Amino acid sequence: MSGIAKKMASNQKQIAISEFFEKNKHFLGFDSLQRSIITAVKEAVDNSLDACEEARILPEIKIKISKVDSKKDILELVAEDNGPGIPQRSIEKVFGQLLFGSRFHAIRQSRGQQGIGITGVVMYSQLTTGKPTNVVSKVASEPTAVSVNIGLDTRKNKAVKSDQDRIIWETDEMALKLHGLKVTTRMKAKYQRGRQSVYQYLRMTSIVNPHAEITFVDPDGEKHHWPRVTERLPRKVDAIKPHPHGIELGQLQRMCRESKDSRLTVFLRQNFSGVSMRAAKELCEASELSITTKPKSMKPDHIRALLEAFQGERLVGGKPIKLLSPPTNCLSPIEEMLIKKGLSKTIDSKFVSTMTRAPTVSHGNPFQVEVGLIFGEGMAADKHVEILRFANRVPLMYQQGGCLLTKAIESVDWRQYGLEQAGGKGVPKGPAAILVHLASTNVQFTSEAKEALSDNEFVFEESRKAMLEMGRGLRKHLEKKKKMAKTREKFELINDILPAIAEKSASILERPVPELAGSITRIMSAVICNESTTWNRETKETDVSITLFNYTSRARSYSILVNWPEKSGAVMTANERGGRKETMGIWGWKIETLDPGQKAEINYSLSNLEKGDWTETEVFFRGSQDVIGATKLDEKMLEEIRNQEKILAEAVVEVGEEENPETQYEPAGVVEGDTNQTTLFGGDN
Amino acid sequence: MARVNDPELTKTRLHTVVEEMYDRIVKGEPPTMTLPVRTKNNIGFDRKLGVYKYGKKRSTRDATSLGSAKNLLRALHVVEFIEEMIEAGKSSTLREMYYISEGWGLGKFGSQNESNNLAEDLEVVTSCLREDFKLRPEEDGARMIGNITVNELNRRGQWMTINARDDVGDSGYGVPYNVEIEKIELKEHDVNFLMAIETGGMFDRLIENGFDEDYKCGLIHLKGQPARSTRRIIKRMNEEWDLPVVVFLDGDPWSFRIFASIAYGAIKTAHISEYLATPSATYLGITADDILAYDLPADELSKKDIEALNAELSDPRFADGWWQDQINMMLEVGKKAEQQSLAKYGLDFVTDTYLPEKLGEMGLA
């Protein structure tokens with residue numbers, strides 16, 4: 001080939017790469033200068049979080065963006081983590097190869113479902129600045145780190161290494177870095193602030209990754225820090241096999257083609273979830289295929305027939321084939337308490353209500369919805385609430401209006417829960433932020449941009465239900481706050497003002513200070529409950545104290561019940577009154593007689609919790625006279641909690657989780673306390 | 001005439017308030033303070049005194065809510081404070097008392113309005129005057145110009161003679177907060193009537209035009225809602241010298257109330273109306289019909305103005321036919337006018353035309 005021809009060919013390749021980028025920039029995330037830097041940060045952070053999760057390391061991520069040339073909009077991004085690092089020989093593959101379609105068989109919840117990963121960043125950097133990306137990687141087993149520049153050979157369309165070297169990698173504190181990865185890259189991009197910014201992306205990431213420590217230095221040199229609030233890593237998710245209900249023709253064709261199984265039944269049982277031996281045979285029968293059919297040799301018609309059987313379009317004995325649901329332990333929800341912590345650390349407000357729904361299945365795909373709502377001062381009361389959308393722990397920052405999760409929020413009448421909303425529809429207004437997270441093995445987006453979830457009635461319904469439940473939590477909180485304010489006033493009146501009136505009037509008249517008991521009873525004429533839940537710094541426990549005052553003229557008798565985070569692993573200690581477990585997360589005590597003017601105290605501590613995990617205890621009562629500061633127990637609600645507990649316990653046995661259900665769901669029993677308490681609830685004494 | 005009580009009697013009366021609270025606690029009941037209702041629904045015309053006084057309606061403030069309990073505690077602090085001042089021979093302004101209450105902990109006032117109201121409450125329940133309590137207002141009294149001579153006891157304890165035309169500058173004689181006989185003697189005068197004026201601008205206009213000399217009258221600047229001492233000195237000059245009093249105000253619902261407080265007694269101070277009100281005072285203008293008759297530049301009534309007018313319709317002080325007509329007419333016209341709108345016809349119109357015409361109707365010019 002002549003020199004000119006070679007040059008032409010190379011030009012063609014170059015054009016091919018540029019064209020590839022140009023044509024696909026929407027789904028690669030490089031369609032604007034503002035978005036490019038966000039995408040680059042996103043790819044780096046997603047990789048770090050995934051790698052740390054895999055290696056069971058608590059992530060520490062540092063992102064630094066600086067302006068190299070503001071006239072030409074050139075930014076430098078440095079992304080560093082403490083992950084396992086990448087072995088020298090794999091660096092090229094990770095950073096220089098397009099990893100299309102490598103995960104067809106592994107069905108699991110993973111972050112890396114978007115774009116083409118970090119390779120896209122390397123390509124974009126090369127194309128806009130002509131410079132390679134520097135990667136420093138250190139794995140624990142090697143004494144030194146490797147530093148290498150990765151560029152793209154535009155002729156061969158593959159990665160090229162240059163300036164490879166072994167270096168000693170020291171941290172900022174001059175200590176030897178044990179393991180980790182640092183990526184330094186320059187690109188044409190614009191840094192911006194606001195709702196769609198690197199800052200917002202990292203903030204949202206930190207909310208749903210409470211186990212991560214994230215530091216960000218922006219181009220102005222301002223340092224932002226989101227601390228780690230839990231040492232607990234997300235549950236390791238298992239990959240599951242696809243479920244027949246969720247499979248498409250192309251995928252089934254590929255699976256057949258790649259199969260080495262000699263019999264169709266074996267293929268069906270080993271490559272799909274939810275297929276029993278009986279079901280495998282029935283699927284063969286329905287699709288009129290022999291059980292000895294070799295999958296690799298199946299013709300398109302056969303595959304189509306099999307798919308029809310999967311989808312219940314072909315029947316056996318007049319009925320669709322019964323398949324088991326796919327397992328749901330492949331999902332890793334953030335879980336209520338960690339959502340609460342994540343929200344609380346980024347938004348400075350008092351009240352958080354969260355709800356994690358049980359996992360469920362749509363078209364053979366397991367999914368789970370969780371929501372969180374943070375409410376209070378520190379947020380604008382006259383603006384729309386902030387919506388924080390996530391899919392598999394990845395923040396969704398664009399196309400809010402077209403997203404299923406937003407539509408679910410808009411469909412709730414938030415007015416009944418204490419937020420403002422014009423006409424009971426649309427995004428509500430108020431000092432609040434609403435978080436929605438969808439964990440799923442198969443997240444369906446409206447477009448390649450992967451920023452908005454497409455409509456799915458099951459996901460929509462689950463989201464709605466979760467939000468209704470969460471809203472009830474908000475309403476209760478607001479009602480309680482109102483009641484508490486009134487109660488506080490009354491207490492101030494009888495504890496401070498009334499004694500002052502008595503003393504002052506006595507001193508002016510030069511008479512003895514009168515007894516107050518009678519006046520107090522007349523002023524209050526109620527039974528009052530005071531609850532305090534506080535973090536004890538010394539014992540590292542949450543101390544709960546409940547005091548019941550009888551300011552009526554008659555003796556009273558009550559059962560007092562409280563909610564506590566039993567599900568989250570809390571342990572109740574120092575509970576001297578004893579009482580007994582009512583149901584999961586509800587504990588109760590009997591107060592036999594409370595004479596007029598007397599008070600009864602219940603004290604206990606909760607261990608195995610971190611600070612901020614549990615900040616408010618709800619108090620219920622059973623008894624005839626109303627108690628200010630407590631809610632009359634709704635027996636139906638208690639029954640519902642008991643039922644849910646039963647369902648959950650059964651589900652755990654079915655799935656066969658490692659935890660022993662016996663110990664986790666101990667049946668309610670009587671705990672002997674210091675009180676002479678032998679009979680408990682239900683009026684059986 | 002307002003009589004200042006003996007300090008011991010003041011203390012005894014204040015103690016009755018304290019005793020009511022104390023005795024209720026001893027009985028095992030919430031402490032209370034009982035006082036006349038101080039709204040327009042509880043004022044009535046006293047035939048003997050010729051002014052409006054509180055009626056028989058009483059309200060009980062009891063300590064069952066935080067707000068009223070705090071009020072009772074404040075009352076006790078005020079009583080104690082008054083006793084201390086009586087014993088120490090001191091006095092303080094209402095504003096000073098408000099600041100002193102900072103040290104009263106739970107009994108501290110939330111605003112000065114609260115402390116002023118409470119001082120009035122105590123006056124009402126004890127039938128004492130705030131002078132008995134050693135409490136002074138900080139509101140300043142009126143300015144006065146005209147051929148009127150008074151003797152005033154100055155702070156050095158000397159009597160000085162002041163003529164409110166010859167011994168004063170353009171700002172006139174400043175009426176002190178205490179105008180009782182131990183402080184002010186009305187010596188002599190050469191005027192035919194007194195004219196009370198709402199705004200400083202109009203007061204200055206009449207002085208510049210020499211109206212006081214031309215029409216032989218005393219001019220008094222009210223400075224909006226007149227202070228007690230302003231109303232009291234008008235009342236004294238009216239009684240002791242038998243001088244007619246005319247009142248020249250803006251033409252709006254709030255001016256009607258200023259007139260009512262001068263002539264009939266103010267709702268808030270109905271317990272001492274007989275000392276403050278001048279029943280023979282006459283409303284000169286601006287009347288509702290003036291707005292039409294003189295075609296004065298006028299503003300639309302605001303929502304608040306209309307509410308005020310409607311409230312006045314059911315105020316017993318405005319029950320007579322003339323007032324009902326005026327109020328209804330203003331509601332119908334839907335307009336209000338300022339005194340100074342008369343300047344539409346030139347700076348001298350008020351002194352050359354308007355006032356002579358109006359005074360003529362009254363037989364004063």
Side-chain angles (χ1 to χ4, degrees), chain A residues 480-530 547 549-556 595-599 625-629, chain B residues 8 10-34 60-87 100-101 103-110 114 118 122 125-126 133:
Chain A
K480 190 177 171 187
K481 228 168 99 174
K482 236 193 226 165
K483 253 191 202 165
M484 290 304 288
K486 263 200 185 149
T487 313
R488 256 200 308 279
E489 277 196 358
K490 284 264 178 188
F491 271 101
E492 190 186 341
L493 169 55
I494 59 152
N495 291 336
D496 305 327
I497 308 288
L498 193 63
I501 291 176
E503 274 164 40
K504 189 106 298 190
S505 59
S507 95
I508 292 171
L509 301 173
E510 294 173 339
R511 293 189 205 163
V513 178
E515 184 58 46
L516 290 174
S519 307
I520 290 176
T521 304
R522 287 289 306 275
I523 290 170
M524 303 295 267
S525 82
V527 179
I528 291 176
C529 173
N530 228 6
T547 315
F549 301 86
N550 182 0
Y551 290 124
T552 67
S553 49
R554 280 183 43 207
R556 305 282 169 185
D595 287 321
Q598 295 301 300
K599 64 178 183 181
Q625 170 82 19
D626 220 23
V627 177
I628 298 175
Chain B
E8 283 310 311
T10 304
K11 273 205 217 166
T12 312
R13 287 191 180 167
L14 283 171
H15 279 197
T16 19
V17 178
V18 181
E19 267 160 6
E20 182 184 333
M21 296 188 207
Y22 185 90
D23 292 346
R24 295 268 302 182
I25 298 177
V26 171
K27 276 193 217 146
E29 282 165 10
T32 55
M33 180 168 160
T34 309
T60 300
R61 213 170 267 172
D62 70 5
T64 49
S65 79
L66 185 62
S68 46
K70 278 187 173 170
N71 228 322
L72 296 191
L73 181 57
R74 283 185 202 119
L76 291 172
H77 276 282
V78 171
V79 167
E80 192 183 50
F81 176 64
I82 292 168
E83 283 192 14
E84 280 167 13
M85 284 198 298
I86 290 175
E87 257 140 53
I100 284 165
S101 86
W104 296 350
L106 299 163
K108 115 182 191 190
F109 289 111
E114 279 177 11
L118 189 54
L122 286 175
V125 247
T126 60
F133 299 158

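Quick caveat: nothing in here was measured; it's all calculated off a predicted structure.
Using modelled atom types and a 3.5 Å distance limit, the side chains of B/Thr34 and B/Glu20 yield a donor-acceptor pair. Remark: the B/Thr60 side chain and the B/Asp62 side chain contain no N/O donor-acceptor pair separated by less than 3.5 Å.
For the set B/Met21, B/His77, B/Lys11, the count of heavy-atom pairs under 4.5 angstrom toward chain A peaks at B/His77. With chain B as the partner, the residue from A/Pro514, A/Gly518, A/Ala502, A/Ala500 showing the most heavy-atom pairs under 4.5 Å is A/Pro514. If you tally non-hydrogen atom pairs under 4.5 Å between each of A/Leu498, A/Val513, A/Asp496, A/Ile523 and chain B, the highest count goes to A/Ile523.
Contact between A/Ile508 and B/Leu76 at its shortest, heavy atoms only, is CD1-O, 3.5 Å.
Distance check: B/Glu83 CD to B/Glu87 CD gives 6.5 Å after rounding to the nearest 0.5 Å.
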Intermediate values then yes/no, side chain to side chain contact (heavy atoms under 4.5 Å, CB included), A/Ile628 and A/Phe549: CA-CA 10 Å; A/Ile628 298 175; A/Phe549 301 86; over 6 Å; no
Worked check of salt bridge (Lys or Arg N to Asp or Glu O under 4.0 Å) between B/Glu19 and A/Arg511: CA-CA 10 Å; B/Glu19 267 160 6; A/Arg511 293 189 205 163; 2.9 Å; yes
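With a 4.5 angstrom heavy-atom cutoff, A/Ser507 touches chain B only via side-chain atoms. Neither the backbone nor the side chain of A/Pro499 comes within less than 4.5 Å of any heavy atom in chain B. For B/Asn71, no part lies near chain A; criterion is any non-hydrogen pair under 4.5 Å. Contact of A/Glu515 with chain B is made through the backbone alone, with heavy-atom distances under 4.5 Å.
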